[in-house]
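Notes to accompany the following structure.
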Amino acid sequence: MNARNILNADLHCHSVVSDGTLTPELLAERARKGGVELWALTDHDEVGGQRRAAAAAREHGMGYLTGTEISVTFAGETVHIVGLGFDPDDAALSQGLRDTRGGRAQRAQEMAQGLAQVGISGAYEGALQFVGNPDLISRTHFARFLVETGVCKDTNEVFRKYLTEGKPGFVPHRWASLKNAITWITAAGGVAVIAHPARYKFTPNEEYALFTEFKAHGGRAVEVITGSHSAQEAIKYAQMAQEFSLAASRGSDFHSPDESHTDLGTLPYLPGELTPVWELLQERIQ
Ligand code: AMP
Ligand code: MN
Ligand code: MN
Ligand code: MN
């Protein structure tokens, strides 16, 4: 093991500012308890929690990198691009995130209409009860409503039966372009990271295109160790990181004590042969 990789970094998680259930302050406390030394809060399409997260990290003596997770449409699929270490006040990034959030309210209304057609009424108002940020209503909030009302036993079942492609509550949506997301992050001084690559349903050719275009637009890292990857998948993406000369990131993708299988700070360290993403961001650590 390479000493530079032995750092308990958790660079992916969500607060009530997007679809997590904890405040930035409670997440920071939980991260510290989990032994996290370098932390980033990466709310979907939002930087509204960054100041609170950075302040809470400082209180607990953790290093902090600013973060977000941008929704992107690539080859007809939704891909998530994490940004780390950017200036959260950057005007172009803020506008880009605002535009990306923009379609969510209308999409949520259409999701509720789809659910109403299979006999689930009041889902829009129901989901809203779980929303911490009215700009950021997501499928997760609908999932929590359907669990609370007893339609499904857990959020996984909701996604499988109602919220994924071809299911009644699924509404196709066009998010940011890959190029724009990478450019917003990079021009704001940050590093763009491909989030949980094993989660996408790409053919090998499409996946190769994603990595190639990501690099071409200035992307510099990929999540290798994440709550979304099996041990086999971590090995595969460690190899991809080397093949594409990308740095590697590590993050739990923690959302909620009741829903998330991987808690903050509990993942294995990054494999020793990889360049950790924090090595590219030394001056951006607060
Ligand atoms: P949205 O941005 O509204 O499309 O919602 C995407 C979010 O839904 C992701 O960030 C996850 O938090 C959550 N999600 C996606 N798929 C699943 C699943 N199968 N089980 C539980 N949560 C999921
Ligand atoms: Mn989420
Ligand atoms: Mn994601
Ligand atoms: Mn995430």
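Computed from heavy atoms alone, side chains included, the values below leave out hydrogens, waters and symmetry copies. Keep in mind that what you see is a predicted model, and the values were worked out from it rather than measured. Atoms within a ligand are numbered from 1 in the order they appear, just like the ligands themselves.
L178 pairs with exactly one of V72, I194, T183 by the side chain to side chain contact (heavy atoms under 4.5 Å, CB included) rule, that one being V72. With R250 as reference, N8 is the one residue of L274, V277, L38, N8 to meet the side chain to side chain contact (heavy atoms under 4.5 Å, CB included) rule. Remark: of the listed residues H44, E46, R101, E46 is the sole one forming a side-chain hydrogen bond (donor to acceptor under 3.5 Å, both in side chains) with N133.
Under 4.0 angstrom from ligand 1, the non-hydrogen atoms of H44 all belong to its side chain. Here D19 has side-chain heavy atoms under 4.0 Å from ligand 1, and that is the only part of it that gets that close. With a heavy-atom cut-off of 4.0 Å, H255 touches ligand 1 through its side chain alone. Proximity of R104 to ligand 1, defined as any heavy-atom pair under 4.0 Å, is confined to the side chain (atoms from C-beta onward).
For ligand 1, the atoms lying closer than 4.0 Å to a non-hydrogen atom of S138 are 3 (O).
Of the protein's heavy atoms, T140 OG1, 3.5 Å lies nearest to atom 7 (C) of ligand 1. Closest to atom 6 (C) of ligand 1 among all protein heavy atoms lies R139 NH2, 3.7 Å. Here the protein heavy atom with the shortest distance to atom 22 (N) of ligand 1 is F159 CE1, 3.2 Å.
Relative orientation of the W39 and Y64 rings is perpendicular, given thresholds of 30° and 60° on the angle between their planes.
H80 contributes atom ND1 as its closest N/O/S atom to the Mn ion (ligand 3). Within E69, the N, O or S atom at minimum distance from the Mn ion (ligand 3) carries the name OE2.
The Mn ion (ligand 3) lies at 2.8 Å or more from every N, O or S atom belonging to H44. Taking backbone and side-chain atoms together, C13 has no N/O/S atom less than 2.8 Å away from the Mn ion (ligand 4). Not one N/O/S atom of D253, from backbone or side chain, sits under 2.8 Å from the Mn ion (ligand 3).
Under the 4.0 angstrom criterion for non-hydrogen atoms, R107 is in contact with ligand 1.
Looking only at distances, a side-chain donor or acceptor of R104 sits under 3.5 Å from a matching main-chain atom of I137. A donor-acceptor distance shorter than 3.5 angstrom exists from the side chain of T164 to the backbone of F159, with no hydrogens or angles considered.
Between the side chains of E110 and Q106, at least one donor-acceptor pair of N or O atoms lies under 3.5 Å. Residues E233 and H196 have side chains that never bring a donor and an acceptor to within less than 3.5 angstrom of each other. Donor-acceptor pairing under 3.5 Å is recorded for the side chains of D253 and H14.
Within the set N156, T78, D154, the minimum heavy-atom distance to atom 20 (N) of ligand 1 is found for N156.
Between W278 and L270 the shortest side-chain heavy-atom distance falls below 4.5 Å.
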